[in-house]
Structure formats: C-alpha cells, structure tokens
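Heavy atoms only: backbone and side chains are in, while hydrogens, waters and symmetry mates are out. Quick caveat, the model's predicted, so the values are computed rather than measured.
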Amino acid sequence: MAKRVLSIEIGQQVTKAVVIDYMKKNPHVYNAFSFPTPDDAIDDGYIKNKEGMAKLLREQMRDNGVKEKNVVFSIASSKIATREVTVPFVSESKLGDLIKATAQDYFPVNIDEYTIAYSIVDTIKENDKKSLKLQLLAAPDTLIQNYYNFARALGVDIVSLDYYGNSSMQVLKRHISSGHCICVQMGTRSTMVSVMKEGQQIMQRTIPYGTDYVVEVLMECEPDGVTSTVAAMEMLCRENVLYSSLDYEDIETIQTTKMTEEQWKRSHQNQDTRKAVTDAVGSIILNIVRVIDYFHSKYPGIELTSAYITGAGVKIRGVDTLFSNELGLTVHRLESLNNITFSRNFTSRLGDQTEYIAAIGAAMEPIGFQLKEIAEGAERRENSRIVRGIFALSVIVSVVMLLTSWMGYHSAKTENEDLQAQKDSMSYINAIFQENTKANEKYNEAKSIDAATKNRNNKLNSLLQNIEKKLPTIMKVTNLSAKDDGVTMTINTTTKISVARMLMNLEDIKDLTNYQIPSVTESKKNGVETYDFTVSASYPVEADEEGAEGQAASGQTEEAK
C-alpha cells in the first residue's frame with residue numbers, strides 16, 4: 001500500500017491537489033497546489049481533453065516539486081447515483097456478494113453498465129437483531145474508464161477513485177462531534193446537505209444549485225463594475241448583497257424628498273439586486289428546509305442543534321446570518337481544518353485550507369471505485385484459490401456425508417409420517433376458512449355501501465380554519481370553491497418567495513394533498529408588484545378509506561352488543 005499519494009480533485013473551475021499520507025486517520029499534508037481548470041476541460045465529471053489536461057497537470061506537478069506516481073481522484077458528477085439502504089448484518093467478506101446480488105433493486109438502471117461501491121454508515125441494533133446501514137454508489141463504467149485513461153495519459157497509477165460527497169465527509173465528520181447537526185457544502189454547481197450524529201453521517205442529499213447560480217442571478221442585474229463571473233463572486237464576498245431574511249426585513253427606509261431622481265433610481269436598482277440575490281440563495285435554503293423536513297419525518301422526535309457551512313459559498317458575506325434566520329439554527333462557518341497537519345514550507349501560500357477538503361478526504365478513506373477488469377481479475381485469482389481449498393475439503397466431507405445420509409433418510413421418513421398425521425387431524429379448518437371467506441364478502445359489501453354515503457366536505461369549516469392559520473399574512477384569498485374531490489383558492493400576494501413558503505406551510509395540513517399552482521400572474525400598480533395565482537388541492541384517498549374502515553368496525557361492535 002502506498003504511504004503517500006497525490007490526491008486530485010479536478011473541479012469545474014479550479015483543480016486542487018495535495019501530497020498526503022494515504023489511509024491515515026490524522027494525515028500529514030506535505031504539499032498542495034491549485035490552478036484554474038481550462039474551459040471545457042471537464043463536463044459533469046468527465047475529463048474531455050485528456051492530453052491537454054494531463055500536460056497542464058504535469059507542468060504544475062513539476063513546478064511544485066511533486067514526483068508522486070500513486071494517485072487518488074475525487075470525482076464530482078451527477079452521473080454517480082447514491083442510495084442509503086439497510087441490509088441484514090453479514091461479515092464484511094460476504095457483504096460485497098450481497099450488494100452485487102441486490103444492487104439492481106436499488107438503482108433503476110442497467111446495472112451491468114455501472115460500477116458499484118459502498119461504505120458502511122452505521123450498525124443498527126433492534127430487538128437483539130443487527131443490520132447494516134450502507135451508502136451505495138453506482139458510477140457509469142464509462143466514467144471510471146475515463147479516469148483510468150487520463151491516468152495513463154498523465155503517466156501515474158490510480159490507487160483509488162472516490163466520490164466527492166464521501167471525500168468531503170471524511171474531513172467534516174472529524175470536525176463535528178456532538179449532537180445532531182446539519183452540514184451544508186455550498187459548491188459551485190451543487191450544494192450537498194448532510195445530517196450528522198456524533199460526527200457520523202446518517203443522511204445525505206444533493207441540491208442542484210450552488211454559487212454559480214447565485215453569480216448568474218447577480219450578473220443578470222448588471223451591477224456597476226461587474227463584468228465577469230470572477231468579479232461577481234468577489235462582489236458577493238466583499239459587499240453585503242444579501243438581506244438577513246427572505247422577507248427582506250432589513251430594507252432601508254428611503255427618504256425620496258432628500259434624493260435626486262438619479263439617486264432614487266440607483267437606490268431602487270440596488271434593492272432589486274439584493275432581492276434577486278437573496279431569492280437565489282433562498283432557493284438553496286428552501287431545498288435545505290425540505291431535507292430537514294424529510295429528516296424529521298424519518299427520525300421523529302430528534303431535533304437538530306446547529307448547522308455548519310463550508311465550501312465556496314461560505315465566503316459570501318451575510319450568508320451565515322441569512323441561513324440562521326431562515327433555518328432557526330445556530331450557524332457556524334467552517335474555515336479551518338483540525339486533526340490535519342500541514343507542512344510549514346508551503347502553508348503561507350496555501351490560502352484557504354477548506355478549499356482542499358475533497359482532495360484531503362479522498363486519501364483518508366476513499367469509497368474505492370475500481371475498473372471492472374481489475375476487480376474481476378483479482379476476484380478470479382481469489383476464486384481459484386478458494387476452489388482448490390474447497391475441492392480438498394469436499395473429498396473429506398463426501399465420505400462423512402455417505403455415512404450420515406442413510407441415517408438422515410430414515411429420520412426424514414419418520415418426520416414425514418408425523419406431519420401427514422397432523423395434516424389429517426386438522427382437516428376441520430377448511431370449513432372454518434370457507435365460513436370466514438363468506439363473512440369477509442359481506443363485510444366488504446357493507447363497507448362499500450357506507451363509503452358511498454360519505455361527503456368529503458363535511459369538515460370544510462375546520463379545514464378553512466387550518467388554511468387560514470397556514471397562509472402567510474401578506475396573502476389574501478380572493479376566491480375559494482370546494483368540490484367533492486378537493487378545494488381551489490385564488491390568492492393575491494406581494495412577494496414571489498412567499499408562494500414557496502405558503503406551499504411548505506400547507507404541506508402540514510393532512511386533510512389536503514397534491515397541491516398545484518398552474519401559473520403565477522405578475523402585475524404592477526402604483527409601483528407595487530403583486531402576484532395572483534390559483535392553488536388547487538385534493539382530499540387524500542387514504543383518509544377516506546381509513547374513516548370507512550373505522551365506521552364499519554364501529555357498526556360491528558354495535559351489532560355484537
């Protein structure tokens with residue numbers, strides 16, 4: 001096993017690399033460097049211009065005095081699918097075969113075209129029974145082959161291939177060690193949300209928005225002096241463009257009588273820019289809220305105590321305050337790394353340590369994607385050794401089996417005779433079964449009649465009270481109609497973000513489901529923007545069925561009395 005490796009993360013905008021101890025709990029980083037990734041060099045994890053990228057990386061290695069030939073890659077790609085699954089507890093030697101046999105059940109793809117890897121998240125004990133919670137990953141064979149081809153062009157040997165989410169988590173879990181908390185990694189193209197328990201990841205989701213989306217929204221507003229994505233990101237980090245809440249609560253009061261017309265216009269343009277950028281970050285926050293809601297539904301009674309922000313987005317000024325106000329959690333910025341030693345000779349030019357999280361974590365405990373030809377060759381050698389051992393053992397076992405088979409036959413014959421006698425003595429059960437079948441038919445007929453008499457608008461008054469409590473105060477319901485299958489409301493509001501907040505609030509009403517908003521109409525009167533839209537929702541079928549069963553059971557009780 002390699003003692004040191006060159007761990008590389010080829011990002012969409014920046015390529016980062018570290019020379020680091022391999023597979024150590026508290027590794028030492030001996031060297032590190034980064035450089036801008038050439039335009040169109042990488043597409044969703046795939047390295048497109050292998051020769052050109054290999055040449056550039058060799059030059060960077062030479063300039064930084066890096067001679068390591070053993071390499072680990074951390075891959076970020078939406079093509080890599082992840083699943084959290086629970087399987088029966090088996091020894092680690094048998095776990096690979098179990099996953100290989102059941103992988104098709106978890107991924108709706110042609111599994112023959114994918115490479116499967118896994119990591120053990122936790123061991124679960126319930127009622128004296130143990131099971132394993134795993135994170136399964138499926139990467140296209142073409143993506144794995146792409147990196148092996150690149151390694152050949154670079155002239156290095158691949159020690160392991162890791163997934164970006166696992167790489168980052170290997171570092172983050174060493175910094176978060178108490179209680180249940182949420183960790184948000186705001187990357188350039190996506191945001192990864194992980195729920196941690198005592199430093200152990202128990203859930204992970206990916207949101208398809210990152211700092212690139214926020215930068216694009218800012219540039220569409222055309223602020224003064226911002227002519228490139230780099231300048232836009234610098235502005236986000238330098239100036240407080242974000243409001244402290246998605247309701248724009250800290251909007252300054254404008255005294256128009258003391259302003260010139262040009263000053264008044266510029267002030268409104270700045271407010272529009274701040275609103276647009278705040279809404280862009282708000283899209284990420286609302287997705288994080290959905291992850292938190294799903295966590296609470298899956299783990300009821302467990303409260304999150306804090307949130308940690310890291311990645312490229314942590315540099316955006318005011319992002320921690322906005323996150324704290326909207327998530328209702330204490331938010332921490334993660335801007336330095338613990339339990340990782342950096343050599344002094346390059347620390348001064350290293351910059352932000354957290355930018356190297358994925359490259360560092362990939363060398364600590366990689367997920368271990370491997371080219372199928374290599375994995376199958378190792379498996380064939382192992383199988384050949386096992387077959388030889390099994391053959392020798394089978395000769396011995398066959399002799400013992402010949403001696404015991406005759407005794408087993410007579411024991412099975414006696415048991416069969418006993419079972420046949422028990423079967424004959426229980427023949428009366430057939431009559432009871434037929435009687436039960438007829439009773440069930442009558443019960444189902446009565447239940448159908450009872451269900452036909454129900455009207456779903458019986459509880460309309462209480463439903464309207466619940467809706468009134470859940471609607472944001474800035475919304476007005478201008479029309480409401482109720483039918484047997486659901487309700488329809490026409491609503492007016494003054495902010496677009498309140499529409500999303502309303503949908504999240506209405507999801508708590510269990511008497512309605514399938515909320516739909518066909519369209520939102522924007523209008524402007526006297527300088528005030530308003531939004532009109534129609535919300536339709538259906539009554540859940542399951543609730544009706546449960547009510548029908550409850551009434552049928554009550555009727556049977558009255559008859560028994």
- Backbone of E365 reached by a side-chain donor or acceptor of N166 within 3.5 Å: yes
- How are the rings of F35 and F33 set relative to one another: parallel (under 30°), tilted (30 to 60°) or perpendicular (over 60°)? parallel
- Message: When you compare the side chain of V195 with that of Y299, does any pair of heavy atoms fall below 4.5 Å?
- Response: no
- Applying side chain to side chain contact (heavy atoms under 4.5 Å, CB included), run through L57 and F150 and close with a yes or a no. CA-CA 11 Å; L57 188 51; F150 177 69; 4.1 Å; yes
- Item | Spatial distance of atom CD1 (I360) from atom CD (Q170) [nearest 0.5 Å] | 12.5 Å
- Return yes if a side-chain donor-acceptor contact under 3.5 Å exists between T37 and T15, otherwise no. yes
- Query: How about S78 and D44: does a side-chain donor come under 3.5 Å of a side-chain acceptor?
  - Reply: yes
Listing, residues 322-332 side-chain donor-acceptor contacts under 3.5 Å, not counting sequence neighbours, or none:
{"unit_1": "S324", "atom_1": "OG", "unit_2": "L329", "atom_2": "O", "d": "3.0"}
{"unit_1": "N325", "atom_1": "ND2", "unit_2": "S244", "atom_2": "O", "d": "2.6"}
{"unit_1": "N325", "atom_1": "ND2", "unit_2": "T321", "atom_2": "O", "d": "3.4"}
{"unit_1": "E326", "atom_1": "OE1", "unit_2": "R501", "atom_2": "NH2", "d": "3.0"}
{"unit_1": "E326", "atom_1": "OE2", "unit_2": "L246", "atom_2": "N", "d": "2.9"}

- Item | Sole candidate of T490, T478, T521, N492 that passes side chain to side chain donor-acceptor pair (under 3.5 Å) when paired with D532 | N492
- Item | Verdict with reasoning, I302 to K197, per side chain to side chain contact (heavy atoms under 4.5 Å, CB included) | CA-CA 10 Å; I302 298 178; K197 173 188 175 185; over 6 Å; no
- Task: Dump the intermediate steps for side chain to side chain contact (heavy atoms under 4.5 Å, CB included) on M489 and M475, then the final yes or no.
- Result: CA-CA 12 Å; M489 297 180 290; M475 288 189 173; over 6 Å; no
- Task: May I ask you to decide if M504's main-chain N or O and Y515's side chain share a donor-acceptor pair within less than 3.5 Å?
- Result: no
- Message: For K55, give me all partners under side-chain contact (heavy atoms from CB on, under 4.5 Å), at least two apart in sequence or on another chain.
- Response: R58, E59
- Tell me, yes or no, whether the heavy-atom count around F295 atom CZ, taken from other residues, nucleotides or ligands under 6.0 Å, exceeds 12. yes
- Message: Would you say CD of E522 has more than 12 non-hydrogen atoms from neighbouring residues, nucleotides or ligands within 6.0 angstrom?
- Response: yes
- Message: Do Y539 and L463 make a side-chain contact, defined as non-hydrogen atoms from C-beta onward lying under 4.5 Å apart?
- Response: yes
- Task: Would you check if S167 and E9 make a side-chain contact, meaning some heavy-atom pair closer than 4.5 Å?
- Result: no
- Message: Is there a side chain to side chain contact (heavy atoms under 4.5 Å, CB included) between Y308 and L172? Walk through the geometry before answering.
- Response: CA-CA 9 Å; Y308 291 80; L172 294 176; over 6 Å; no
- Decide side chain to side chain donor-acceptor pair (under 3.5 Å) for S498 and Y531; before the verdict, give the C-alpha distance in whole Å, the side-chain angles of both, and the deciding distance to 0.1 Å. CA-CA 10 Å; S498 64; Y531 303 88; over 6 Å; no
- K50 atom NZ: more than 12 heavy-atom contacts under 6.0 Å: yes
- Query: Cut-off 3.5 Å, side chains only: do Y356 and S7 have a donor facing an acceptor?
  - Reply: no
- Query: Take atom NZ in K298; do more than 12 heavy atoms of anything else shown fall under 6.0 Å from it?
  - Reply: yes
- Query: So, N49 side chain and G52 main chain: donor-acceptor pair closer than 3.5 Å or not?
  - Reply: yes
- Message: Could you tell me if the side chain of M169 sits less than 4.5 Å from the side chain of Q185, heavy atoms only?
- Response: yes
- Beyond-backbone contact of I288 with I284, side-chain heavy atoms, under 4.5 angstrom: yes
- Check whether any side-chain heavy atom of L471 sits under 4.5 Å from a side-chain heavy atom of N505, and report yes or no. no
- Item | E84 vs V121 side-chain heavy atoms within contact, under 4.5 Å | no
- Message: Is the shortest side-chain heavy-atom distance between L143 and F369 below 4.5 Å?
- Response: no
